[in-house]
Protein chains: 4
Amino acid sequence: MTDSTKSRARGADKRRRLTAAAAEVLHRQGVERTTIADIAETADVPVGNVYYYFKTKDELVQAALSEHEGNLAELTTELDRLPDPLDRLKALVHAWVGQRDIAVRFGCPTGTLAVELDKRADGTLDQEAGRVIRVLLDWVEHQFRALGRPDAGDLAVTLVAGYQGMSLLANALRDPDLMTREGNRLIRWLDTLAAGGAAS
Amino acid sequence: MTDSTKSRARGADKRRRLTAAAAEVLHRQGVERTTIADIAETADVPVGNVYYYFKTKDELVQAALSEHEGNLAELTTELDRLPDPLDRLKALVHAWVGQRDIAVRFGCPTGTLAVELDKRADGTLDQEAGRVIRVLLDWVEHQFRALGRPDAGDLAVTLVAGYQGMSLLANALRDPDLMTREGNRLIRWLDTLAAGGAAS
Amino acid sequence: MTDSTKSRARGADKRRRLTAAAAEVLHRQGVERTTIADIAETADVPVGNVYYYFKTKDELVQAALSEHEGNLAELTTELDRLPDPLDRLKALVHAWVGQRDIAVRFGCPTGTLAVELDKRADGTLDQEAGRVIRVLLDWVEHQFRALGRPDAGDLAVTLVAGYQGMSLLANALRDPDLMTREGNRLIRWLDTLAAGGAAS
Amino acid sequence: MTDSTKSRARGADKRRRLTAAAAEVLHRQGVERTTIADIAETADVPVGNVYYYFKTKDELVQAALSEHEGNLAELTTELDRLPDPLDRLKALVHAWVGQRDIAVRFGCPTGTLAVELDKRADGTLDQEAGRVIRVLLDWVEHQFRALGRPDAGDLAVTLVAGYQGMSLLANALRDPDLMTREGNRLIRWLDTLAAGGAAS
DNA sequence: AATGAATGAGATTTCATTCAT
DNA sequence: GATGAATGAAATCTCATTCAT
């Protein structure tokens, strides 16, 4: 390994640490209450050095969003291995419920980011979280379509809205069981749909 | 009317204007991006004077929440006039859809406040928005119970989660039609339930 | 004097002190080397308070320029009392030479500001100093025109350029006598012109 | 050519590129608004490497000044080939006017550097630009002396001040014609002088 | 010699809160 | 009660300079 490779590796590592720290801390504390120093400390990087990797705080927010988008891509790639689209959707719901402890404490990372960023009067980043949500919607719609549902788009909205809604409530009420109960309902609903029932 | 009565009246008026301004501006801009000066200006009250009515910014946030709670109480009082609990719930959904333009732009006032306040590490206010949401949940549950549903609590969570979810998505995607479509689905779902169907 | 008058007076006073401090310190240290703290300290105002009067550093620079423009207006108003335009111009040169100690140390306030501000890539303030210089040029041209010179515009440029050039040299060489010598030459030149000579 | 020779050559080249870049960028942006990174980028040299050639930013400023001094020396060497001192001076003015587009945009390199550096409270470099100006003055004075003028020193000051003044005005007013007009006047003035006229 | 990365001091700006009248 | 002004603690960002390899 040459010197430059090493230092590039070190640099990439720090960037990765900063991105991960940003994703985590911004999720926990929200964008506005998080300082660059918070992120730097979590990533164990001197504050001044953060700006070598990210020119502005907004770039860190963007990086956090990309991290969440990456996590989503990882998850759907995993789920795509399942042969049956219905199984994929049910596994998705299970994954959501499996994350309930984090959701209860801090909400859905992308959903809460969307809420915060949408409040921006300037045009910066205010649609970025929406973009990530759309990626999820598209994947879900794709599964419903594979199940032969002509109303796949609406069904996708219903499922994802169900997830965002239950995350928000579980978070606001600090009630993890709520996630489990609503998750189970969504699973049953998916089964109903597949059983050939009309769209609910 | 004596002087002191007048000034009390004037004072109460200012407090009301500040509360209304807080509710509106905090909803539009979010808690952290809103300055006291923003609220003061909207209420047409000199900045220095705000502190006579509200000792801290947090008290203004609290007041905004109370305002939203008041709006909710007004709405449910109105709905309570309807004799049929099912009609009440359907009218509630209609009311939600009727607010879609605001929801699309800024989300549900209470829901987005809940998201922001839950990020607080300190214990201040972080449960207050949840409290208001619970008031809504309780009222909805009460209707389902009146309809004879033993799973009224779960159904209430489903309905309110549906509302929060569709508000968040409509907001994130800037799509008012989404509110209409999901609203219609919720109405159909309520009808299904009443028709004696199993919980979906 | 009412309370509000008093506090308005205090406020106006501070604004004046800040403007004067800005004019002086920016002239001595240059725009880029001067911090808001420098100006605040000179004006004996807490740093945070500066922003109550001037929203940005640029506004302070603008204020300093206006101060210099005001000084110029004061001077020309004074000179306008002289009945003979030639006397006015000669008195102007005398005034310049009279300021030689400051010019030697820090150059012409407006000229050096023009040099600094012209380096700005963004469009902010980069023409403002030029504007003040044009005010001087216009006044001088007006005098030459009153003397019946058809080439008044060119003569004005020559006179003002002479002033800017001698200020810059005196400053760069730290030589106050240079101001005196060049000033005398300008006076002789003005006399020559008035004696009916051709434009030199 | 040995390796060390090559690398010495390469090193000298880098130093030259950095010096040229410093001269250009510092002239365009001013000392304070120019970062080492700006100069490094213009010279196509990695930032970290700059410090191998110049220990501080001040040394880069010094180098830029030397570059301008070198340009001046080149010019006067060229002019010295003309047999008649009067022709030399007129050619000098022509050279100035020929540079009018740059002067209009950024002023005289040495003059504007003098203005910026003179603002320094510390003793660093604050006389260096003055030194370069003096070199010019000396050369001009030499020509006037060769023309038999006893007041050669004053005449030199007048000519150079004229140049600095017209550059500053042209720059501040963004008017290239001003350079042409004042240049013509200086030429006529030189002719007048040579014709045996009294000093104007 | 070369170079990407690191560092920390300092600058501007914002704003909740308090003060003086 | 009312109000313009004051205050200072933070936060973001910049950059000359240094370091490690």
Side-chain angles (χ1 to χ4, degrees), chain A residues 2-15 32-38 40 45-60, chain B residues 3-4 6-8 10-11 14 32-40 45-58 60, chain C residues 1-15 32-38 40 45-58 60, chain D residues 3-4 7-8 10-11 14 32-40 45-60:
Chain A
T2 66
D3 275 12
S4 92
T5 311
K6 258 190 284 180
S7 82
R8 219 180 308 129
R10 235 184 310 119
D13 179 49
K14 250 188 194 176
R15 171 176 278 273
E32 307 292 342
R33 291 183 89 87
T34 297
T35 69
I36 303 278
D38 290 336
V45 167
V47 198
N49 197 12
V50 172
Y51 286 87
Y52 185 79
Y53 296 95
F54 299 94
K55 269 190 285 296
T56 61
K57 186 179 178 182
D58 272 6
E59 280 190 18
L60 273 165
Chain B
D3 272 13
S4 90
K6 258 191 286 180
S7 83
R8 218 178 312 128
R10 248 185 293 122
K14 266 191 190 174
E32 306 294 339
R33 290 183 94 88
T34 296
T35 68
I36 303 278
D38 289 336
I39 296 172
V45 168
V47 203
N49 200 8
V50 172
Y51 282 83
Y52 182 77
Y53 298 95
F54 299 94
K55 269 193 286 294
T56 62
K57 185 179 180 181
D58 274 5
L60 272 165
Chain C
M1 193 186 259
T2 68
D3 276 12
S4 91
T5 311
K6 257 191 283 180
S7 82
R8 219 180 310 128
R10 234 184 309 117
D13 179 49
K14 250 189 195 176
R15 171 176 277 274
E32 307 292 341
R33 292 184 89 88
T34 297
T35 69
I36 303 279
D38 289 337
V45 167
V47 196
N49 197 11
V50 172
Y51 284 86
Y52 185 79
Y53 296 94
F54 299 93
K55 272 192 284 295
T56 60
K57 186 180 178 182
D58 272 7
L60 273 165
Chain D
D3 272 13
S4 91
S7 84
R8 217 178 314 127
R10 246 185 297 122
K14 266 191 189 174
E32 305 293 340
R33 290 184 94 88
T34 296
T35 68
I36 302 280
D38 288 337
I39 296 172
V45 168
V47 202
N49 200 7
V50 172
Y51 282 82
Y52 182 76
Y53 297 96
F54 300 93
K55 271 193 286 295
T56 63
K57 186 179 179 181
D58 273 5
E59 282 190 15
L60 272 164

Is any side-chain N or O of [X] closer than 4.0 Å to OP1 or OP2 of [N]?
X        : N       : answer
Tyr51(C) : dT13(E) : yes
Lys14(B) : dA2(F)  : yes
Tyr53(C) : dA6(F)  : yes
Asn49(B) : dT3(F)  : yes

In whole angstroms, how far is the [atom2] atom of [N] from the [atom1] atom of [X]?
X        : N       : atom1 : atom2 : result
Phe54(B) : dT3(F)  : CZ    : P     : 16 Å
Leu60(A) : dA11(F) : CG    : C1'   : 14 Å
Asp13(C) : dA6(F)  : CG    : C1'   : 15 Å
Glu32(A) : dC15(E) : CD    : C1'   : 14 Å
Glu59(D) : dT18(F) : CD    : C1'   : 15 Å

Problem set entry | Nearest-nucleotide comparison on DNA chain E, the residue closer to the 5′ end among Lys55(B) and Tyr52(D) | Tyr52(D)
Seminar exercise, completed: Sorted by position of nearest nucleotide on DNA chain E, 5' first, the leading residue of Asp58(C) and Val47(D) is Val47(D)
Problem set entry | Derivation and outcome, side chain to side chain contact (heavy atoms under 4.5 Å, CB included), residues Ile36(D) and Tyr51(D) | CA-CA 9 Å; Ile36(D) 302 280; Tyr51(D) 282 82; 3.8 Å; yes
Exercise. Can the positive tip of Arg15(C) be found less than 6.0 Å from the middle of the six-membered ring of Tyr52(C), inside 45° of the ring normal?
Worked result: no
Seminar exercise, completed: Testing dA2(E), dC15(F), dT3(F) for proximity to the side chain of Thr35(D), the answer is dC15(F)
For this session: Name the closest nucleotide to the Lys57(B) side chain, picking from dA16(E), dT13(E), dT17(F).
Result: dA16(E)
Just to verify, what does [X] make a side chain to side chain donor-acceptor pair (under 3.5 Å) with, not counting sequence neighbours?
X        : answer
Thr56(C) : none
Asn49(B) : none
Glu59(D) : none

For this session: Could you run through DNA chain F and flag its stems, i.e. three or more consecutive Watson-Crick or G-U pairs with both distances under 3.5 Å?
Result: E:2-21 with F:2-21
For this session: Can you see which heavy atom on Val50(A) is nearest to which on Ala40(A), and at what distance?
Result: CG2-CB, 3.6 Å
